[in-house]
Amino acid sequence: MISIKNDAQIEKMRAAGRLLHSVLEELRRYVKPGATTSFLNGIAHRMITDAGAKPSFLGYEGFPASLCTSVNDVVVHGIPNDEPLVEGDILGLDCGLVLDGWQADSAYTMGVGVISAEHKRLIDVTEECFWKGVSQMKPGRRLSDIGASVQAWAESNGYQPIRALCGHGIGREMHEDPEVPNYGKPGRGPRLAAGMTLAIEPMIAMGGYEVDTEGWRVATRDHSWVSHYEHTVLITRGEPEILTLPDAARAAEAGR
Ligand code: MG
Ligand code: MG
C-alpha cells in the first residue's frame, strides 16, 4: 500500500529533508584527491547526530556506516574506507536520516578534482534523468511513467539505467511501497496522488546494466562507470516538491 502523508507529516519530512540537504552539501567541500571516504562518513555521522537525528543507514540490515560511498564502477552501497580518493574518480555519496520519526534519503555523484568530459557528461545526464522522472510526478499519472521517462532520457544519451535497483516510497520507513524502477513501459501501475512521497534515484551506467553484488558493494559487471542521483520527492496538486532540495538550494544548483 502506498501511504499518503498529511500536512503535519509532510512538514516533518520537509525538516528531515532540509537537514539531509545540509549534510550532503557540507560533504562537497571535503571531496578532493587524498580525502578518504571514512573521513566523509565521520562528518556525515556527526552532523546528523548533532542535529538530534539518526543516520538511517547505520545498522540497516547490518550496514556499518552512516554514508554510502560508491566510487567509479560501484553503483551503490560502497562502504567508507581509508583509501584516499584519486583525481579523476567519480564518487557517489548516498545518505539517509530519520528526524522526529520521519525519513529523508538523497544521493549525488561528484568528480574528485578534475574529471574527464565523458564522466562529467555521465553525471549531468543522470541528474537530467532524475528531473525527467520527476516531471511525471503529477496526480493521475501512473507509477511506471516515472521509470519510462528516466529510461528514455538515459538511452537517448547512449546510457543504460541499472535495473536491479529501484527508487522507493519513503516516510516513517526508509523503504516503503512502491518500488520505483528506472525503466519500463509508461502507463502501468498505480496512479500517483498528492501526498505520496517517493525517493527517485536513477542509477545510470555508461555500459551494460548488469551488476554483481559482493557483500554490500554493487558494481557494474562490465566495470563501466556509473552515476547515482536521488532526492525524496513529494507529489502535490501542482509541481512536485523536492524535500531534500529546498527552494533556495535548488535555485543555486541551477546556477552552478
Ligand atoms: Mg539513498
Ligand atoms: Mg533510496
Side-chain angles (χ1 to χ4, degrees), residues 2-3 5 13 16-28 31 37 40-41 43-45 47-48 53-71 74-80 90-99 102-110 123 126-127 129-131 133-134 137 143 146-147 150 161-183 196-205 211 213 216-219 226-235 240-245 249:
I2 308 177
S3 66
K5 281 76 177 181
M13 289 190 71
R18 275 194 300 270
L19 175 60
L20 181 55
H21 177 261
S22 69
V23 171
L24 282 167
E25 281 308 292
E26 177 70 7
L27 294 180
R28 286 185 191 274
V31 175
T37 50
L40 300 173
N41 177 62
I43 294 169
H45 183 85
M47 281 187 77
I48 293 168
K54 205 170 130 314
S56 10
F57 295 0
L58 184 63
Y60 182 86
E61 293 179 11
F63 191 78
S66 299
L67 182 70
C68 292
T69 55
S70 304
V71 179
V74 180
V75 184
V76 285
H77 306 163
I79 296 175
I90 64 171
L91 170 66
L93 294 177
D94 189 355
C95 196
L97 60 81
V98 54
L99 178 67
W102 292 87
Q103 297 273 347
D105 186 6
S106 180
Y108 60 76
T109 299
M110 71 179 280
I123 291 170
T126 303
E127 294 188 18
C129 285
F130 167 85
W131 292 107
V134 167
M137 295 177 74
L143 181 68
I146 300 171
V150 169
I162 299 295
R163 299 186 176 208
L165 296 145
C166 293
H168 48 92
I170 178 167
R172 284 192 191 278
E173 302 297 328
M174 181 162 61
H175 294 127
E176 299 187 351
D177 285 343
E179 285 197 338
V180 187
N182 291 305
Y183 69 98
M196 289 179 179
T197 46
L198 306 177
I200 305 300
E201 50 179 315
M203 291 153 259
I204 306 296
V211 297
T213 304
W216 275 100
R217 180 182 187 274
V218 180
V226 63
S227 178
H228 182 202
Y229 189 74
E230 174 181 30
H231 283 294
T232 298
V233 183
L234 167 70
I235 299 174
E241 182 181 336
I242 317 298
L243 299 175
T244 43
L245 186 61

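In each ligand, atom 1 is the first atom listed, and ligand 1 is the first ligand listed. The model shown is predicted, which means the values in this text are computed figures rather than measured ones.
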Problem - Heavy-atom side-chain contact between His21 and Leu245 under 4.5 Å - result: yes

Exercise for the section: Sort out for me which residue in Arg172, Glu176, Met196 forms a side-chain contact (heavy atoms from CB on, under 4.5 Å) with Ser3. Expected result: Glu176

Problem - Protein-derived N, O or S atoms lying under 2.8 Å from the Mg ion (ligand 2), waters excluded - result: 4

Exercise for the section: Step by step, work out the side-chain contact (heavy atoms from CB on, under 4.5 Å) result for Val233 and Phe130. Expected result: CA-CA 11 Å; Val233 183; Phe130 167 85; 3.9 Å; yes

Handout entry: Distance-only donor-acceptor check, side chains His168 and Glu201, under 3.5 Å
Key = yes

Practice task
Would you check if Met203 and Val76 make a side-chain contact, meaning some heavy-atom pair closer than 4.5 Å?
Solution key: yes

Handout entry: Sub-4.5 Å side-chain heavy-atom contact between Val150 and Ile204
Key = yes

